Amino acid sequence: MFEEFKNAFQRYNNGHVQLIIINLAVFVAMGIIMVISKFTGLEQLWSVIAEQFHIPSRFSEFVTRPWTIITYMFMHDLTSILHILFNLLFLYWFGKLFVEYLGSDKLIALYLLGGIAGAILYLMAYNLIPNPPPFLTAPAGMVGASAAIFAIMVATATLLPNYTFFLLFLGPVKIKYIVGFYIFLSILYSVGDNAGGNIAHLGGALMGFIYMKQLQAGVNWGGWITVTMDWFKDLFKEKPKVKVSYRKERPTSTKPPSGEKSGYTQEEIDRILDKISEGGYESLTKDEKEKLFNASKK
């Protein structure tokens, strides 16, 4: 099983599956820790661990655990399997479609942006509304990938509003109607028992819409996330060993012999660089890597 998950995780342009595997791994690990802690009487330890993944509703608590603005979107309610099940199903359906058109890097960036936007709106609702209604006064914490997934759903529906999913019992339905239905439910239930969660959904949805509109205008709001993640990946990549070889010097020439080509053009190099920005260095063919290497020496 581990090898199968590992192979699935490492496939090219597979960001939606990578996010699903991470969420599942966190869910399984936290579930095991919770069960062991309760059997051994270490429930206090479990509370401390769980707090690192729950984003608190109060600013005063949030500033003591600022990392929860990221960790909360990878944690799910352990008392209900439906929470993670439906989240990951929607992540798979819409994420797969998103990746086909825009690639994994943008999907992962939007997942994080959507989760952050949902968390910010959640914190604003609980802390900035004057004379808050009762459903926003009780201290609470939040976990779940819903805000991040709403961002992906809305962005995909903004890009491809008339794309059709075939739903059980309903048949073909355009995704703009599916997404619109769930946004309406989040508005409706933003005054209920899970007010904070539904408010976060709306924050993620808003980010998804803005992100796609900006992307269509040529502005990539998630570019900084992709660059940061690539930098971290490079830290853990095994550096190739440098081989030193000697060869006889050839007479230099100011221009290549007649009929000889340099092997690449500027247009080819630009295309290769665009390919790297979309799918990473590993997406290049051997010939493209060689052209890029030769160009870097000029």
Side-chain angles (χ1 to χ4, degrees), residues 1-9 15-93 95 108 111-112 114-123 125-127 135-152 182 185-186 189-190 192-201 203-204:
M1 287 177 62
F2 177 78
E3 286 300 319
E4 288 178 356
F5 279 116
K6 181 180 176 182
N7 292 334
F9 192 88
H16 59 303
V17 174
Q18 291 174 343
L19 290 170
I20 288 171
I21 291 174
I22 292 172
N23 276 279
L24 283 173
V26 172
F27 184 81
V28 170
M30 296 298 284
I32 292 172
I33 293 172
M34 181 191 70
V35 171
I36 293 175
S37 66
K38 289 184 180 295
F39 268 107
T40 57
L42 299 175
E43 296 185 12
Q44 187 63 34
L45 175 62
W46 160 247
S47 297
V48 172
I49 295 174
E51 281 182 352
Q52 312 312 310
F53 289 85
H54 287 70
I55 184 169
S57 61
R58 301 298 182 208
F59 276 134
S60 57
E61 293 181 52
F62 172 71
V63 294
T64 65
R65 303 198 306 274
W67 56 85
T68 56
I69 201 171
I70 300 295
T71 56
Y72 93 94
M73 68 182 82
F74 295 98
M75 175 74 172
H76 287 81
D77 181 7
L78 297 176
T79 63
S80 173
I81 193 68
L82 296 179
H83 186 209
I84 188 171
L85 175 63
F86 282 105
N87 270 353
L88 298 190
L89 280 174
F90 277 91
L91 176 56
Y92 180 80
W93 293 328
I108 294 171
Y111 180 96
L112 293 173
I116 292 171
I120 291 173
L121 194 61
Y122 167 79
L123 289 168
Y126 273 87
N127 293 272
F135 53 84
L136 290 179
T137 55
M142 180 176 66
V143 293
S146 302
I149 295 168
F150 261 72
I152 293 170
Y182 279 97
L185 287 184
S186 293
Y189 296 139
S190 63
D193 294 335
N194 186 28
N198 284 283
I199 289 171
H201 296 173

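Please read all numbers here as calculations on a predicted model, not as lab measurements.
- Side-chain atoms of I116 and M73, non-hydrogen and from C-beta on, do get closer than 4.5 Å to each other.
- Here the closest non-hydrogen pair linking I69 and A119 is CG1-CB, 3.6 Å.
- Under a 3.5 Å cut-off, the side chain of R65 and the backbone N or O of F53 do not form any donor-acceptor pair.
- Counting heavy atoms from C-beta on, the side chains of L45 and I33 never come closer than 4.5 Å.
- Rounding to the nearest 0.5 Å gives a distance of 11.0 Å between OG of S190 and CG of L185.
- Residues F135 and D193 fail the side-chain proximity criterion, which asks for heavy atoms closer than 4.5 Å.
- If you take OG on S37 and CD1 on I32, they are separated by 12.0 Å, rounding to the nearest 0.5 Å.
- The closest donor-acceptor contact from the side chain of E61 to the backbone of S57 lies at 3.5 Å or more, if one exists at all.
- Ring geometry, F90 versus W93: the interplanar angle exceeds 60°, so the pair is classed perpendicular (tilted spans 30 to 60°).
- Ring to ring, F74 and Y111 are close: their centroids are under 6.0 angstrom apart.
- Residues H83 and S146 are in side-chain contact: their nearest non-hydrogen atoms beyond the backbone lie under 4.5 Å apart.
- The structure places CG of L88 at 5.5 Å from CD1 of I20, a figure rounded to the nearest 0.5 Å.
- Here CG of N198 is found 11.5 Å from CG of L121. Values are rounded to the nearest 0.5 Å.
- Checked by atom type and distance alone, the side chain of N127 pairs as donor or acceptor with a backbone atom of F59 at under 3.5 Å.
- Within the 4.5 Å cutoff, the side chain of V26 has no heavy atoms near those of the H76 side chain.
- When ring centroids are compared, F150 and H201 come within the 6.0 Å threshold.
- The shortest non-hydrogen separation linking A117 to G203 is CB-O, 3.6 Å.
- Across all their heavy atoms, N23 and L19 have their closest contact at ND2-O, 2.8 Å.
- The structure places CE of M142 at 9.5 Å from CD1 of I199, a figure rounded to the nearest 0.5 Å.
- Taking each heavy atom of T64 and S60 in turn, the nearest pair found is CG2-O, 3.7 Å.
- Between A147 and A200, the shortest heavy-atom distance links the atoms CB-O, 3.3 Å.
- For the pair T68 and T71, the minimum side-chain heavy-atom distance is below 4.5 Å.
- Separating the CZ atom in F62 from the OH atom in Y126 is a distance of 15.5 Å, to the nearest 0.5 Å.
- Under the 4.5 Å side-chain criterion, counting only non-hydrogen atoms from C-beta, M30 is in contact with W46.
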